[in-house]
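Here is the structure we will look at.
In listed order, ligands and their atoms are each counted from 1. It should be emphasised that the depicted structure is a prediction, and the values quoted were computed from it without experimental measurement.
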Amino acid sequence: MKSYFTHLECTNCGNIYPSSKPIRICLSCSKVIYARYNLEQAKSEVSKSSFNNRLPNMWRYFELLPVLDPNNIVSLGEGFTPIHKAENLGANLGLDNLLIKDESFNPTDSFKARGMSAAVSKVKEFNIKELTVPSAGNAGGALAAYAAKAGLQSHIFMPQDAPEATQKEVAITNSTLNLVDGFINDAGMQSRELAAKKGMFDLSTLQEPYRAEGKKTMGYEIAEQLNWNLPDAIIYPTGGGTGIVGIWKAIKEMEQLGWISGNRPKMFCIQAEGCAPIVRAFNQKSRFAKAWENPKTIAAGMRVPSAIGDYLILDAVYESGGSAITVTDDEMIESVKKTLSLEGVFLCPEGGATVSASKKLLDLGLLNKKDSVLLLNTGSGFKYMEVI
Ligand SMILES: *Cc1c(COP(=O)(O)O)cnc(C)c1O
Ligand SMILES: [Zn+2]
């Protein structure tokens, strides 16, 4: 297997950087950089049937991931999570083709595992030994696990109100857990300060190009698992936005590879009523989002008052003809109960938000009864006992 990773490119100013350097954000405009691949060559050398006999984890897409030597892969079996046909829940909501991609099957019980598997593998390839990350909860738990597997040291900065399960899963490892009096953005400042002072690599959301590459594998999987067809709509609970921009990037790459064709799905960005900077920007038809004051929601993964990738999230929503709406915490919990009762699937509150949102989008006429609609359940309800 060989990776077709060639270089890094700024999503804002287009500056190009070599793939051989651990660059985090654009050195000229400080915006998000993406990993780029030689897709022309991959198109002629890799066919989608190559994947038929590979192991069911995200590294089956090695050609489109940024690690050059397979020996550097740090894996706990992440990815290739099931897509449930949610017929009972769909009937209840009035949707004929409702699908749930269940990311709670990942190591550490959330899709943060995908991003951390990619980033920790790449950091290992660079021979970097120490990492930092700010986290609302799940990213910290995932980093602690992958750093342990790789034998690397990590320092995790979480707001004090991060879910107890995620605090504990970090606390019992060799990672250091720093509880921060403030929000995820305050944790981010402390994380980057330590990294800058001690020469460590900081893994803040979209402030390095590798986590998004891990999360983009959700897009490849959705296509492969649906027989190289995409649903009409994808509904995503948005915090920092790595997942939604990763899936959108994967769709564009698969088109260039000639693996998919036809209509792209509409991308729907869902946020909590108490923390909705992207939804507010969408309603103002803006490309950038102002920071949200005093963010408040039980869905820790969506408690992100400002995102460096705001314009990438909004571009995906605008380009796809999707939309951005909010749901309340009570609606999320109601949907968690309903989905476990009707489907036997225990969603996290963020996943519950996508169920509530699909009903609202149907009522608003932004979805049709016959549309195939895929919800992302980004993690397990078991990590949120204190709010359920
Ligand atoms: C991090 C997280 C999110 C938000 O993901 P982004 O890709 O950063 O937008 C949603 N749900 C859960 C459970 C999370 O841990
Ligand atoms: Zn730039």
*Hey, does the side chain of Glu319 reach the backbone of Trp248 with a donor-acceptor pair shorter than 3.5 angstrom?*
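Not at all, since once roles are kept as given, no pair shorter than 3.5 Å links the two residues.
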
*Just by distance, do the side chain of Glu253 and the backbone of Tyr220 share a donor-acceptor pair under 3.5 Å?*
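Not a single qualifying donor-acceptor pair exists.
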
Closer than 4.0 Å to some heavy atom of [X] - which atoms of ligand 1 meet that?
| X | value |
| --- | --- |
| Thr242 | 6 (P), 7 (O), 8 (O), 9 (O) |
| Glu350 | 10 (C), 11 (N), 12 (C), 13 (C) |
| Gly243 | 7 (O) |
| Pro237 | 4 (C), 10 (C) |
| Thr238 | 9 (O) |
| Gly240 | 6 (P), 8 (O), 9 (O) |
| Gly301 | 2 (C), 3 (C), 4 (C), 14 (C) |

*Which protein heavy atom lies closest to atom 12 (C) of ligand 1, and at what distance to 0.1 Å?*
Thr378 OG1, 3.3 Å

*asked:* Among all the protein's non-hydrogen atoms, which is closest to atom 14 (C) of ligand 1, and how far away is it?
replied: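 In this structure, atom 14 (C) of ligand 1 has Lys112 NZ, 2.9 Å as its nearest protein heavy atom.
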
*asked:* Given Tyr236, Phe111, Tyr384, identify the one with the heavy atom nearest to atom 7 (O) of ligand 1.
replied: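 Ranked by closest heavy atom to atom 7 (O) of ligand 1, first place is Tyr236.
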
*How many degrees, to 10°, between Cys13 SG and Cys26 SG as seen from the Zn ion (ligand 2)?*
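Computed angle, vertex at the Zn ion (ligand 2), rounded to 10 degrees: 110°.
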
*In degrees, rounded to 10 degrees, what angle do Cys29 atom SG and Cys10 atom SG make at the Zn ion (ligand 2)?*
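About 100°, to the nearest ten degrees.
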
Quick check: do [X] and [Y] have side-chain heavy atoms less than 4.5 Å from each other?
| X | Y | value |
| --- | --- | --- |
| Ile222 | Ile234 | yes |
| Lys216 | Glu221 | no |
| Thr339 | Ile100 | yes |

*Is the closest heavy atom of Glu103 to ligand 1 under 4.0 Å?*
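Not so, Glu103 does not reach ligand 1.
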
*Looking at ligand 1, does Met302 have a heavy atom less than 4.0 Å from it?*
no

*asked:* Under 3.5 Å between any N/O of Ser110 and any N/O of ligand 1: does that happen in this structure?
replied: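 Ser110 vs ligand 1: no N/O contact under 3.5 Å.
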
_Test your reading of the structure: does Gly379 have an N or O sitting under 3.5 Å from an N or O of ligand 1?_
no

*Could you tell me how the ring of Tyr236 sits relative to the ring of Phe111: parallel (under 30°), tilted (30 to 60°) or perpendicular (over 60°)?*
tilted

_Whether Tyr37 and Phe5 hold their rings parallel, tilted or perpendicular, with breakpoints at 30° and 60°_ =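 Tilted, since the angle between the ring planes falls between 30° and 60°.
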
*Hey, could you give me the CG/CG distance between Asn377 and Leu347, rounded to the nearest 0.5 Å?*
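That separation rounds to 4.5 Å.
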
*For the residue pair Ile184 and Pro134, what are the closest heavy atoms and their distance?*
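So the minimum-distance heavy-atom pair works out to CD1-C, 3.8 Å.
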
*Decide whether a cation-pi geometry holds between Lys285 and Phe282; the criteria are a distance under 6.0 Å from NZ or CZ to the six-membered ring centre and an angle within 45° of the ring axis.*
no

